[in-house]
Amino acid sequence: MQWRNSLGGYGAAVQIVHWFSVLLVGVAWVLGTVGEDLPRGRARDLGELIHVSAGELIAILLIFRVGWRLINAPPSPEPTPLGRSGDLAAKIVHLALYALLAAVVAVGVATQFADGDALSVLGVFDIASPWTKNKMFAHDMKEIHETLANGLIILATIHAGAALVHHFVFRDRTLRRMLPGVSEPR
Ligand code: HEM
Ligand code: HEM
């Protein structure tokens, strides 16, 4: 197994972080969306803990993957009929996905603190809210958190759609080189 990216493909480190992040975003979004429908008490508390912990893991993986990108460049884009404008669009979408991941988590933490609630860090220890409860501010933060989270899901869906277009229409290696074990880096 090759951990580092090569000129023609992603290494295992980026692949694992990418797909684990996708799983965590899915879990966080589903629990955020249905969380209030869970029965009050243990089920809702557990849902909240998993929601927040998934968000925290997303943040840790995000720091790792941005750092990794700085020391180990991603492979160059596969050539497509869209040429350089297609490559630029993909770059902008990737940047926007990084920014949205960070923003959703940051505003999620602000939502928690604005409620005056402590933030559990992966269920291991708590960070007390530095703010006193402010209902209006908490409401606004929650709305922004939800909008950003939904925006992230919409953009990720477009991004996934683009990956499928690469695979089935352009028939290039873009999707395959993000899949473990399917193709060796060129
Ligand atoms: C450390 C990270 C995070 C924290 C601290 C956090 C915190 C919160 C809090 C406090 C709420 C309000 C719950 C309530 O009052 O019922 C919430 C709701 C929500 N969260 Fe998060 N969250 C985090 C990460 C995420 C992530 C990564 C996503 C999605 C990708 C997400 C999506 C949502 C959604 C869709 C809601 C429902 C909003 C609503 O009903 O208005 N959250 N989150
Ligand atoms: C929450 C969902 C997703 C997020 C946040 C996300 C984010 C990203 C980001 C930031 C990159 C740039 C490289 C990196 O840092 O890893 C990337 C690359 C990639 N993603 Fe996703 N992704 C998501 C879901 C998906 C899905 C569902 C698919 C497939 C159907 C997919 C396929 C790919 C492929 C093929 C690449 C490599 C693109 C290239 O080589 O230019 N992603 N993704």
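Side chains included, hydrogens not; waters and symmetry mates left out as well; all remaining heavy atoms used. Keep in mind that what you see is a predicted model, and the values were worked out from it rather than measured. The chain is numbered in sequence order, starting from 1. Whatever order the structure lists them in is the order used to number ligands and atoms, beginning at 1.
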- Does any non-hydrogen side-chain atom of Phe113 lie less than 4.5 Å from one of Met141? no

- Query: Got Lys142 and Glu146 here, is their nearest side-chain heavy-atom distance under 4.5 Å?
  - Reply: no

- Query: Within the distance-only criterion (no hydrogens, no angle test), does the side chain of Gln15 pair as donor or acceptor with the backbone N or O of Arg177 below 3.5 angstrom?
  - Reply: yes

- Query: Is a donor on one side and an acceptor on the other found under 3.5 Å between the side chain of Arg44 and the backbone of Glu36?
  - Reply: yes

- Query: Got a donor-acceptor contact below 3.5 angstrom from the Trp19 side chain to the Leu179 backbone?
  - Reply: no

- Item | Ile153, portion touching ligand 2 at heavy-atom distance under 4.0 Å | neither

- Item | Residue-atom pairs from the protein, N, O or S only, that lie under 2.8 Å from atom 21 (Fe) of ligand 1 | His51 NE2, His145 NE2

- Query: Considering only heavy atoms from C-beta outward, does the side chain of His94 approach that of His159 to under 4.5 Å?
  - Reply: yes

- Task: With heavy atoms under 4.0 Å as the rule, classify the contact between His166 and ligand 2 as side chain, backbone, both or neither.
- Result: neither

- Leaving waters out, which protein N, O or S atoms fall under 2.8 Å from atom 21 (Fe) of ligand 2? His18 NE2, His159 NE2

- Item | Any donor-acceptor N/O pair, Arg4 side chain to Gly11 backbone, under 3.5 Å | no

- Identify the protein heavy atom lying closest to atom 37 (C) of ligand 2, giving its residue, its atom name and the separation to 0.1 Å. Tyr10 CE1, 3.6 Å

- Message: Is the shortest side-chain heavy-atom distance between Leu38 and Leu46 below 4.5 Å?
- Response: no

- Taking the side chain as C-beta and beyond, is there a heavy-atom pair between Ser129 and Asp117 under 4.5 Å? no

- Item | Distance from atom 29 (C) of ligand 2 to nearest protein heavy atom, with residue and atom | Trp19 CH2, 3.6 Å

- Any side-chain heavy atom of Pro75 within less than 4.5 Å of one from Leu7? no

- Item | Residue Val105 vicinity, atoms of ligand 1 by number, heavy atom under 4.0 Å | 1 (C), 2 (C)

- Note on the structure: Among non-hydrogen protein atoms, atom 12 (C) of ligand 1 lies closest to Lys142 CD, 4.0 Å

- Exceeds 12 heavy-atom contacts within 6.0 angstrom, atom NE2 of His18: yes

- For Glu56, counting its heavy atoms only, list the atoms of ligand 1 lying under 4.0 Å from any of them. 1 (C)

- Query: If only atom types and distance count, is the side chain of His166 paired as donor or acceptor with the main-chain N or O of Arg171 below 3.5 Å?
  - Reply: no

- Report, in ascending order of atom number, the atoms of ligand 2 lying under 4.0 Å from any heavy atom of Val14. 16 (O)

- Min side-chain heavy-atom separation Ile16-Trp3 under 4.5 Å: yes

- Any sub-3.5 Å donor-acceptor pair from Asn134's side-chain atoms to Met136's backbone N or O? yes

- Message: Is there a side-chain contact between Phe168 and Leu175 in this structure, where contact means two heavy atoms from C-beta onward sitting under 4.5 Å apart?
- Response: no

- Message: For the backbone of Thr174 and the side chain of Glu78, can you confirm whether one donor and one acceptor N or O come within less than 3.5 Å of each other?
- Response: no

- Ignoring hydrogens and angles, tell me if any N or O in the side chain of Gln2 forms a donor-acceptor pair with the backbone of Ala12 under 3.5 Å. no

- Honestly, for Glu78 the part within reach of ligand 2 (heavy atoms, under 4.0 Å) is neither

- Message: Which residue and atom name correspond to the protein heavy atom nearest atom 9 (C) of ligand 2, and how close is it?
- Response: Arg65 NH2, 3.3 Å

- Of all the atoms in ligand 1, which lie at a distance below 4.0 Å from a heavy atom belonging to Leu119? 5 (C)

- Under 4.0 Å between heavy atoms, the region of Trp29 that gets near ligand 2 turns out to be neither

- Query: Is Glu36 close to ligand 1, meaning an N/O of one under 3.5 Å from an N/O of the other?
  - Reply: yes

- Give the residue and atom name of whichever protein heavy atom lies nearest to atom 15 (O) of ligand 2, and the separation in Å to one decimal. Tyr98 OH, 2.3 Å

- Can Trp131 and Asp115 be counted as having a side-chain donor-acceptor contact under 3.5 angstrom? no

- Item | Protein heavy atom at shortest distance from atom 40 (O) of ligand 2 | Arg177 NH2, 3.0 Å

- When you measure from atom 35 (C) of ligand 1 to every protein heavy atom, which one gives the shortest distance, and what is it? Thr33 OG1, 3.7 Å

- Would you mind listing which atoms of ligand 1 come within a distance below 4.0 Å of any non-hydrogen atom of Ile58? 27 (C)

- Query: Nearest protein heavy-atom contact for atom 10 (C) of ligand 1: which residue, which atom, what distance?
  - Reply: Gln112 OE1, 3.2 Å

